[in-house]
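Below: one structure, written as structure tokens.
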Amino acid sequence: MVRSFLSAFGKEARGMHEAAYLLAAFALGSQLLALVRDRLLAAHFGASHTLDLYYAAFRIPDFLFATVASLLSLYALLPVMTRLEKRHPGLMISFLEQCLLVFFVAMGAISFIIFLVAPYLVPFIAPGINDPNLVLLVRILLLQPILLGASNIVGSLTQLRHRFFLYSISPLLYNLGIIFGTVFLYPHWGIAGLGWGVVLGALMHFSIQLPFFGAERSTDRLPVKEMFTELTYVLKLSVPRTLALAATQVSLLILVALASYLSAGSISIFMFAYNLQAVPLTIIGVSYSVAAFPTLARLHAAGDHGEFVRYIETALRHIFFWCIPAMIFVIVLRAQLVRVILGAGAFDWSATRLTAAALALFIISLAAQSVTLLIARAYYAAGNTRKPLYYGFADISVSVVSALFFVFLFHTNIFARDFIEALLRVGDVPGTVVLMLALGYSLGSIAEFLVGLFFFMRDFKIPALRISSLLFQSFSASIIGGAASYLFLLYTGLAGTINTTWLLIAQGAVAGLLGLSVTAGILLLLKNQEFAEAASAFRRRFRDTTGVPIETTDISS
């Protein structure tokens, strides 16, 4: 019986790893196009006032999407849809159509009000910028959360039918729309063209799924009273989770407002670095937390606490296994990464160095952010959507307070400023105070992780996490591998000038491969369990993989 249990658990764990890697592959495709998008923006505008306007204008629409448009969450919709479909498929389609109608009416009304009061809201999101184009951009971008929110509702049917490949295409189309706006619309329409490119991307995100939704139209109608009962149930489940999602947007909103007081380009630097750190976060943290969710929900529903805890530990081990080397190698290779990805056109060397330094500060919270995502999914699986919201308050409080403190310290304490600039090697670059905002964001994420992990272990009665051996092996191997990469960079830098994109790509690629090879070799010598499990998952070619529901808020960038 014990052998049978271990075999079943092993299959569950392999399935989670393989699902996570499959999700990571889809996420990588979306993130690569997002990096192309950012490279084009950097090349066209550099770290400039124009790009500051563009990124600042997103704060209201993104906040609206996180707080209102995501209320009809996939995780809350799927149980209702499944229950209605068992009664009659037509009732489920009718419910989705009614949800869309309610959504368009509610979001249309809220967006119209914000459209009218935009001139009064904009001074709060970017108080340091006085430019009427910011109001224009905000008004155009108000269409984005409407379209993405509608796409999320329609996408619930796409995922219920296991059309995961179709759903994964949507973010690609969204980024293509932004790229189209940058390349073709901006030259003709100015900054408004950037906004309409975003709207075009959101429209394609929504439209790609419409034919499949329309093909399942039904003449059956769910009674209005029952529809509102089910909708109330969905909202009851979604509201705490939506507010938890809003925590990140609140932090970003306040930090961007602070950045607007700094020199031109500060918002751009901050957001470029934020977007870059979102790549490994999506590939590792989002993929593992989403892949673990279905099994965690099933185990909790079955009352199997022991296996629930074992599954959580397995997911945590692999998140740390991937995050630790990712953090170290991004810090070592940060200048090469930023220069290769963003270094074109108007994006100069000073902007590269500042963005690289901000990226290093963001990336130190990669493991904390990734584990926080898993903790949130574990609470959702247990039917508790409120606790992650409370932990989000720690993120907001620490992010804002620490950012304000370090900005003050940066301006008043010469020793502290010189130490930070020397540590990040940006002492001769102007505008370094923006780095304190990135540091504040990371400290907030780490605080949320520590608070969340403490209460998570208490709430789920987890006595201790058996991951000390993993942390030692992964950290030691990564440090040695990172040192090998750094020495290669140092040697090639001394040997000659590397001043072209292709030479930088070659230098970074060889340094990265060398360091990763050293890290992998050490883990192999140490007989690291996570390394063996990861290799096994790849060798099996995803045979244990099952469909995993994902949401726009999981994979958007």
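Values reported hereafter were calculated over all heavy atoms of this structure, with side chains retained and with hydrogens, waters and symmetry mates removed.
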### Message
Is it the case that the ring center of Phe184 lies less than 6.0 angstrom away from the ring center of Phe180?
### Response
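So the answer is yes for these two rings.
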
Donor-acceptor pair, distance only, cut-off 3.5 Å: does the side chain of [X] make one with the backbone of [Y]?
X: Arg39; Y: Val340; result: yes
X: Thr519; Y: Ala477; result: yes
X: Asp52; Y: Gly265; result: yes
X: Ser70; Y: Phe65; result: yes
X: Ser474; Y: Leu471; result: no
X: Ser266; Y: Leu262; result: no
X: Ser289; Y: Arg377; result: no
X: Ser287; Y: Thr282; result: yes

Taking C-beta and beyond as the side chain, do [X] and [Y] meet within less than 4.5 Å on heavy atoms?
X: Ile178; Y: Tyr54; answer: yes
X: Asp38; Y: Met271; answer: no
X: Leu53; Y: Ile129; answer: yes
X: Ile60; Y: Phe63; answer: no
X: Leu359; Y: Gln277; answer: yes
X: Leu470; Y: Asn528; answer: yes

Rounded distance [0.5 Å steps], [atom1] in [X] versus [atom2] in [Y]:
X: Ile319; Y: Ser370; atom1: CD1; atom2: OG; value: 6.0 Å
X: Phe347; Y: Leu41; atom1: CZ; atom2: CG; value: 11.0 Å
X: Thr352; Y: Leu337; atom1: OG1; atom2: CG; value: 11.5 Å
X: Phe362; Y: Asn275; atom1: CZ; atom2: CG; value: 9.0 Å
X: Ile480; Y: Phe475; atom1: CD1; atom2: CZ; value: 10.5 Å
X: Arg59; Y: Leu255; atom1: CZ; atom2: CG; value: 10.0 Å

Atom pairs and distances, side-chain donor-acceptor, residues 509-517, under 3.5 Å, sequence neighbours left out:
{"unit_1": "Ser517", "atom_1": "OG", "unit_2": "Leu513", "atom_2": "O", "d": "2.7"}

Does a side chain donor of either [X] or [Y] reach within less than 3.5 Å of an acceptor in the other side chain?
X: Gln473; Y: Glu530; result: no
X: Glu448; Y: Thr372; result: no
X: Thr182; Y: His44; result: no
X: Tyr174; Y: Gln144; result: yes

Minimal non-hydrogen separation, [X] against [Y], with atom names:
X: Ile267; Y: Ala259; result: CG1-CB, 3.7 Å
X: Leu373; Y: Gly285; result: CD1-C, 3.8 Å
X: Pro61; Y: Ala57; result: CD-O, 3.0 Å

### Message
The test is side-chain contact (heavy atoms from CB on, under 4.5 Å); show your working for Val371 and Phe320 and say whether it passes.
### Response
CA-CA 8 Å; Val371 173; Phe320 279 116; 3.8 Å; yes

### Query
Which residue, Phe45, Tyr274, Phe272, Phe270, forms the ring pair (Phe, Tyr, Trp, His ring centres under 6.0 Å) with Tyr55?
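Considering Phe45, Tyr274, Phe272, Phe270, a ring pair (Phe, Tyr, Trp, His ring centres under 6.0 Å) with Tyr55 is found only for Phe272.
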
